[in-house]
Protein chains: 2
Amino acid sequence: MEVKLPTFNSVFSIDCVIFGFEAGELKILLIERNEEPYKDWLALPGYIVEQDESIDDAAERILYELTGLRDLHMQQFHTFGEVNRHPQGRVITVAYYALIRINGQKDLRPVTQYAKKAFWHPVNELPKLAFDHSEIFKTGFNKLRRRLNYQPIAFELLPEKFTLTQLQSLYEAVLNKKLDKRNFRKKMLSYGFLKELDEKQKGVSYRAAKLYKFDRRKYTKIFQNELNLENKGKVG
Amino acid sequence: MEVKLPTFNSVFSIDCVIFGFEAGELKILLIERNEEPYKDWLALPGYIVEQDESIDDAAERILYELTGLRDLHMQQFHTFGEVNRHPQGRVITVAYYALIRINGQKDLRPVTQYAKKAFWHPVNELPKLAFDHSEIFKTGFNKLRRRLNYQPIAFELLPEKFTLTQLQSLYEAVLNKKLDKRNFRKKMLSYGFLKELDEKQKGVSYRAAKLYKFDRRKYTKIFQNELNLENKGKVG
DNA sequence: ATATAGTGTGTGTAAATTACACCATTGAAT
DNA sequence: ATTCAATGGTGTAATTTACACACACTATAT
């Protein structure tokens, strides 16, 4: 059945690439669309920017409306402006990404009818996505990789208390390569912004590892005068 | 005298931060505006995107119309979408940057009446710019700095034949810090994509340095299989 | 209760990279 | 001819990175 669609001109939209980390796997948030075009397809959460909101505000609103997630720290990473990227007309989209702890989150519940549901999907073996969203995801993943090297973003994906092995496996999942355990530990600990706790891991059937947490105050104290973390912030 | 201006909604524009290198100094391209708002102010070259052109195409066209420069390899780096960044209405602008050899270029000649003239200005001690262009410049400069570390962009700023000292002083100008001469040479040469020429510098009143050129074929050959140049591509 | 297999924790050393300081060469000025 | 100013060009010590194995803990089988 062919559906007749309206066309429109000069529209800004936002698309979101939201990363989470769960069970040693890196995942992103997808929605199932409930609207033409690409009805029933999987897609990144995304929608149109209003006249009276900044694009940053729009990104937060849209993510909330499509997935129920709020208060993420989202950052734009690229703008996609091919003429025919949207079948209904000229839509330029600004892509944002954010990181989140999956465990701490409740259900994902779209609050508009534009999405049927929202769910996490491993970044490996993603299905085809609506529009040019596969390309948007790929670009976002590359940016994430780069940023991991100079910003303390990993801690936004992990639970508050984590082991060094968990931290390392996150780095490995994002960078898609094995890292050296000794050096990773040495380097991470040498920064001084990881706080060693008295607790140990529980419920594991092997030697329990020490738990750590990220001390943001120390982090900003250490790096407040440094413009450039290229040497200090790099792991791997 | 107050000028009455039209207002408009939902407009995309492009702004360009074009870097050049001349006499050991890093410079950017500015225009003097010939149109309200901000008539007579200095600004980045920028204008509105048409309906039927991709933003990448628009960037090239707009730069050409305002400065006469063509065929630069421009890359977007950030999109600015505050509601009130433009006094006449909602304008979201995608900022692009590019690099160019100043020497090789002829006169700068705007081909529309929107700019009175276009000229190079050192990045140090920039005057106040129209709109939020000072912020756009600053963001672009930071991106340039980062990209210098993992892409061979320096060679786009230098003449075809250059000395290692020139290359180093460009890195120093962009990164705004002194680098170690020995390591810089060792590292640059170790990559293997610099071709040593039989020629030497001419017209200098001191010991003439060897000339080199960038061998892009070797570069792509060397790095074709590497996703990630973090270790190899880093200088400094 | 004891032995054993399995898995993750946690550490030392050699190789490679980076930081640093000096002498050499040339042309211009006197 | 001598000195000065400017840049070219190289060796060594300090730091960072790469790499492999012994030990601790748990679960399971006997």
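What you see below is based on every heavy atom in this structure, not just the backbone, and it leaves out hydrogens, waters and symmetry mates. The chains referred to below are lettered A, B, ... by the order of the sequence lines, with proteins before strands, and numbering in each begins at 1.
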Subject >> Length of the line joining Leu179(A):CG and dG8(C):P, which is rounded to integer Å >> reply: 17 Å
Original post:
Between atom OH in Tyr212(B) and atom C1' in dG8(D), what is the gap in whole Å?
Top reply: 10 Å
**OP:** Would you please name every residue forming a salt bridge (charged side-chain N to carboxylate O under 4.0 Å, His left out) with Glu135(A), sequence neighbours left out?
**Re:** none
Atom pairs, N/O to N/O, protein against nucleotides 20-24 of chain D, distance under 3.5 Å?
{"residue": "dA20(D)", "atom": "N1", "partner": "Arg182(A)", "partner atom": "NE", "Å": "3.0"}
{"residue": "dA20(D)", "atom": "N1", "partner": "Arg182(A)", "partner atom": "NH2", "Å": "2.4"}
{"residue": "dA20(D)", "atom": "N3", "partner": "Arg182(A)", "partner atom": "NH2", "Å": "2.7"}
{"residue": "dA24(D)", "atom": "O4'", "partner": "Arg207(A)", "partner atom": "NH1", "Å": "3.2"}

**OP:** Applying ring-ring contact (aromatic ring centres under 6.0 Å, His included), name anything that partners Phe214(B), two or more places apart in sequence or on another chain.
**Re:** Phe155(B), Phe193(B), Tyr219(B)
Original post:
Expressed in angstrom and rounded to an integer, what is the separation of Leu189(B) atom CG from dG9(D) atom C1'?
Top reply: 12 Å
**OP:** Tell me, please, which residues at least two apart from Lys161(B) pass side-chain hydrogen bond (donor to acceptor under 3.5 Å, both in side chains).
**Re:** Glu199(B)
Original post:
What residues, two or more places apart in sequence or in another chain, satisfy ring-ring contact (aromatic ring centres under 6.0 Å, His included) together with Phe131(B)?
Top reply: Tyr38(B), His86(B), His133(B)
Original post:
Whole Å only: how far is the CD atom of Gln201(B) from the P atom of dT26(C)?
Top reply: 14 Å
**OP:** State whether a side-chain donor-acceptor pair under 3.5 Å links Tyr64(A) with Asp71(A).
**Re:** no
Original post:
Within this structure, what is the NZ-to-P distance between Lys186(A) and dC19(D), rounded to whole angstrom?
Top reply: 13 Å
Original post:
Over how many whole Å does the gap from Arg185(A) atom CZ to dC19(D) atom P extend?
Top reply: 18 Å
**OP:** Specify the separation, in whole Å, of atom CG of Asn183(A) and atom C1' of dT13(C).
**Re:** 12 Å
**OP:** Could you tell me the separation between the CZ atom of Phe184(A) and the C1' atom of dT16(D), rounded to a whole number of Å?
**Re:** 16 Å
**OP:** By nearest nucleotide on DNA chain C, pick out whichever of Ala208(B) and Thr165(A) is the more 5' one.
**Re:** Thr165(A)
Original post:
Does dT9(C) have OP1 or OP2 sitting under 4.0 Å from an N or O in the side chain of Lys210(A)?
Top reply: no
Original post:
With Arg33(A), which residues qualify under side-chain hydrogen bond (donor to acceptor under 3.5 Å, both in side chains), at least two apart?
Top reply: none
